[in-house]
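Quick notes on the structure that follows.
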Amino acid sequence: MKKLLILLFLAVLPAAAFAASEHGPKLDPVNIDLNDKASLQRGARIFVNYCLSCHSASYMRYNRMGNDLGISEELVKENLLFAADKVGDLMKAVMPKDDAKLWFGVAPPDLSLIARSRKPAWVYAYLRSFYRDPESHSGWNNVVFPHVAMPHVLYEWQGDQRAVFKKDAHGVDVFEGFELERPGSMSAKDYDAAMRDLTNFLVYLGEPAKLVRYQIGLYVLIFLAVFLVFAYLLKKEYWKDVH
Ligand code: HEC
């Protein structure tokens, strides 16, 4: 029995060692707050300006987004409608899928559900983890998505960063941290805040009904609170003469 246990232990050891050496970078938590309308509006602005050229969000219409985020139809038309003609249109990418596939090797995926399939902390980390890599096709690589085909479209904001890797005992590259080689137009703090807004928006995009649900939930609670007062008074009235 003992021998068997030892054997079993030895059998899983390489897997354990592999798992230990394969850990990616730690994902910073991101403060998601769908009640923060200003943040969602800023995120929407970044999204239509910098992401919609390649990615679609094809379950969302411009006017629905405007309604949900408290942006008037005029403002949607003026500020957010670059990739479509009508506010009732779906948010489709500007670039035809076939061309994108030709240029990047893979078609940029629809981002409607990305914050649900990848989780918000991953998306937030992804947007902040691009680094220069002369060996990659686009000139960029990403620590949380190695060999990603997407170029760093926001490098003018973030600047160029270099990823520092160190070999561990098994000769595997382990990510140590970033070094800023050329500063961008934003400070690290401002860039993080902008990426938080964008991630917040992508979470909204994944489940727009959440906003409505929260609101209904609030009304229900207010109703219950008011109802409680009347129920209590009624109970007092009924039991007044019972002793
Ligand atoms: C120039 C075209 C282009 C632009 C602009 C662009 N992307 Fe991408 N993106 C791609 C491509 C191509 C991929 C697929 C990468 C792969 O699978 O290797 C991708 C992948 C992604 C992924 C990972 C999807 C997955 O499979 O998990 C996310 C998240 C993402 N993009 C977010 C964004 C956001 C947010 C923006 C706006 C700031 C943006 N992208 C702008 C081309 C683009």
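Both counts, for ligands and for their atoms, begin at 1 and track the order of listing.
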Task: Atoms of ligand 1, numbered as shown, that sit under 4.0 Å from any heavy atom of I114 - done: 24 (C), 25 (C), 27 (O), 29 (C)

Open item on the list: Using a strict threshold of under 4.0 Å (side-chain N to carboxylate O), is an ion pair present between D28 and R128?
Closed with: yes

- [ ] Of all the heavy-atom pairs spanning K92 and A83, show the shortest one and how long it is.
- [x] O-CB, 4.0 Å

Open item on the list: Quick check on contacts: which atoms of ligand 1 are under 4.0 angstrom from a heavy atom of R118?
Closed with: 25 (C), 26 (O), 27 (O)

Task: Under-4.0 Å heavy-atom contact with ligand 1, by part of L127 that carries it - done: side chain

Task: Contact (N/O only, under 3.5 Å) between A149 and ligand 1 - done: yes

- [ ] Tell me which part of S53 gets within contact of ligand 1: side chain, backbone, both or neither, using heavy atoms under 4.0 Å.
- [x] side chain

- [ ] Pick one of side chain, backbone, both or neither for how F47 approaches ligand 1, counting any non-hydrogen atom pair under 4.0 Å.
- [x] neither

Task: Residues, nucleotides or ligands: over 12 heavy atoms within 6.0 Å of R45 CZ - done: no

- [ ] May I ask you to list the atoms of ligand 1 that are less than 4.0 angstrom from any heavy atom of V153?
- [x] 4 (C), 5 (C), 38 (C), 41 (C)

TODO: Answer yes or no: does an N/O atom from W122 fall short of 3.5 Å to an N/O atom of ligand 1?
DONE: no

Open item on the list: Please work out, at 4.0 Å between heavy atoms, whether the side chain, the backbone, both, or neither of I46 comes within that distance of ligand 1.
Closed with: neither

Open item on the list: For H152 and Y191, take the angle between the two ring planes, folded into 0 to 90°, and tell me which bin it lands in: parallel under 30, tilted 30 to 60, perpendicular over 60.
Closed with: perpendicular

TODO: Could you please compute the angle at atom 8 (Fe) of ligand 1 from NE2 of H55 to SD of M150, rounded to 10°?
DONE: 180°

TODO: Please write down residue, atom name and distance for the protein heavy atom closest to atom 36 (C) of ligand 1.
DONE: C51 SG, 2.7 Å

Open item on the list: Is there a continuous path of hydrophobic side-chain contacts, each under 4.5 Å between heavy atoms, that joins M91 to F82?
Closed with: yes

- [ ] Have a look at ligand 1 and work out which part of M95, if any, has a heavy atom under 4.0 Å from it: side chain, backbone, both or neither.
- [x] neither

Open item on the list: Ignoring hydrogens, what is the shortest heavy-atom contact between A44 and L69? Give both atom names and the distance.
Closed with: CB-CD1, 4.0 Å

- [ ] Closest by any non-hydrogen atom to atom 12 (C) of ligand 1: pick that one out of F104, F145, W103.
- [x] F104

TODO: Just let me know how P109 lines up against ligand 1, side chain, backbone, both or neither, with a heavy-atom cut-off below 4.0 Å.
DONE: side chain

Task: Parallel, tilted or perpendicular: rings of F227 and F223 (30°, 60°) - done: parallel

Open item on the list: Using a strict threshold of under 4.0 Å (side-chain N to carboxylate O), is an ion pair present between K210 and D68?
Closed with: no

- [ ] Please step through salt bridge (charged side-chain N to carboxylate O under 4.0 Å, His left out) for the pair E74 and K77, ending with a clear verdict.
- [x] CA-CA 5 Å; E74 281 67 48; K77 270 188 198 151; 5.2 Å; no

Open item on the list: For residues L180 and F165: do they belong to one hydrophobic cluster (side chain heavy atoms under 4.5 Å, members Ile, Leu, Val, Met, Phe, Trp, Tyr)?
Closed with: no

Task: Proximity of V106 to ligand 1 by residue part, where a heavy atom lies under 4.0 Å - done: both

Task: Part of V148 within contact of ligand 1 (heavy atoms, under 4.0 Å) - done: both

Task: salt bridge (charged side-chain N to carboxylate O under 4.0 Å, His left out) partners for E179, two or more places apart - done: R162

Task: Which of the ligand 1 atoms, numbered from 1, are nearer than 4.0 Å to a heavy atom of Y50 - done: 5 (C), 37 (C), 41 (C)

